[in-house]
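By convention here, the first residue in the shown sequence is residue 1.
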Amino acid sequence: PIEPAAPSELMMRTDALDRARVVDDAADQSEERESFFASSVLQSKTMAHALMNVRCTPAMLDRPVETLDQLHSQAFLVQDIFQSWVVDLARRTEGKFRLREPSVDGDGAERVFEAWNGEGDTRKRFKLGNVKRVSSAMIKLDMAYNDDVSRLLDMC
């Protein structure tokens with residue numbers, strides 16, 4: 001015969017099950033949020049994985065962007081990430097950014113480019129690119145890519 005568990009042991013088992021349910025529920029909610037973000041906001045699992053710093057498998061890359069609306073939204077969402085990568089690359093390679101207004105060195109030489117550390121408060125000193133305007137993207141799609149949005153790669 002099986003002996004019944006002591007009340008304290010039963011409470012410990014119940015508590016452990018409750019904790020496991022809470023963890024499972026939190027994981028389910030997190031997965032649900034990620035899934036909503038990927039399918040509804042980005043309309044792309046590939047973009048969602050890229051934003052979450054997860055490597056994409058080749059199978060995930062099989063569905064290209066289909067609408068300019070989707071591409072523009074994605075470009076807007078990754079613009080800051082892209083800019084930080086460019087700043088980091090410039091820092092590692094001694095790259096420079098174009099100044100909005102040229103400055104003059106102590107020896108009278110005009111400087112048009114200068115190193116930038118990516119600080120937000122100094123951003124206004126530099127002439128940086130933005131997300132391509134929808135009107136410009138439409139012209140390029142019409143003139144160069146036969147309206148195939150998946151071929152437009154220079155949105156940022």
> Assess whether side-chain contact (heavy atoms from CB on, under 4.5 Å) is satisfied between Gln74 and Val65, documenting all intermediate values.
CA-CA 10 Å; Gln74 290 177 359; Val65 173; 3.7 Å; yes
> Can you see which heavy atom on Thr122 is nearest to which on Asn117, and at what distance?
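Closest approach of Thr122 to Asn117, heavy atoms only: OG1-OD1, 4.0 Å.
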> Less than 4.0 angstrom from a charged side-chain N to a carboxylate O is my criterion; do Glu114 and Arg125 meet it?
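Yes, Glu114 and Arg125 are salt-bridged.
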> To the nearest 0.5 Å, what is the distance between CE on Met155 and NE2 on His72?
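So the CE of Met155 and the NE2 of His72 are separated by 4.5 Å.
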> Is it true that atom CG of Asp147 has more than 12 heavy atoms of other residues, nucleotides or ligands lying nearer than 6.0 Å?
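Result for CG/Asp147: enclosed.
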> Are Val86 and Leu128 connected into the same hydrophobic cluster when the rule is that any two of I, L, V, M, F, W, Y join if their side-chain heavy atoms are below 4.5 Å apart?
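Yes; Val86 is reachable from Leu128 via cluster members.
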> Is the closest side-chain donor-acceptor distance between Asp69 and Thr67 under 3.5 Å?
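The criterion, which ignores hydrogens and geometry beyond distance, is not satisfied for Thr67 and Asp69.
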> Please report the interatomic distance CZ(Phe113) to NZ(Lys127), rounded to the nearest 0.5 Å.
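It is 10.0 Å, given to the nearest 0.5 Å.
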> Do Val131 and Phe97 belong together in a cluster built from hydrophobic side chains that touch within less than 4.5 Å?
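No: no chain of side-chain contacts under 4.5 Å links Val131 to Phe97.
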> Tell me whether Phe126 at atom CZ has more than 12 heavy atoms from other residues, nucleotides or ligands lying less than 6.0 Å away.
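Result for CZ/Phe126: enclosed.
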> Name the atoms and distances for all side-chain donor-acceptor pairs under 3.5 Å in residues 132-141, with sequence neighbours left out.
{"residue": "Lys132", "atom": "NZ", "partner": "Asp154", "partner atom": "OD2", "Å": "3.4"}
{"residue": "Arg133", "atom": "NH2", "partner": "Ser136", "partner atom": "OG", "Å": "3.4"}
{"residue": "Lys140", "atom": "NZ", "partner": "Asp154", "partner atom": "OD1", "Å": "3.3"}
{"residue": "Lys140", "atom": "NZ", "partner": "Asp154", "partner atom": "OD2", "Å": "2.7"}

> Heavy atoms, side chains only, cut-off 4.5 Å: are Arg91 and Leu89 in contact?
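No, every pair of side-chain atoms sits at 4.5 Å or beyond.
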> Can you measure from NZ (Lys96) to CD (Glu94) and round to the nearest 0.5 angstrom?
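So the NZ of Lys96 and the CD of Glu94 are separated by 8.0 Å.
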> Can any side-chain N or O of Asp105 pair as donor or acceptor with the backbone N or O of Asp107 at less than 3.5 Å?
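Side chain of Asp105 to backbone of Asp107, a donor-acceptor pair under 3.5 Å: no, none is there.
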> Can you find a heavy atom in the side chain of Val112 that is under 4.5 Å from one in the side chain of Leu99?
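The answer is no, as the side chains (C-beta and beyond) never meet within the 4.5 Å cut-off.
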> Are Gln79 and Asn130 close enough that some pair of their side-chain heavy atoms sits under 4.5 Å apart?
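SC-SC contact between Gln79 and Asn130 confirmed.
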> Please check: side-chain N/O of Asn146 versus main-chain N/O of Asp148, any donor-acceptor pairing under 3.5 Å?
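No.
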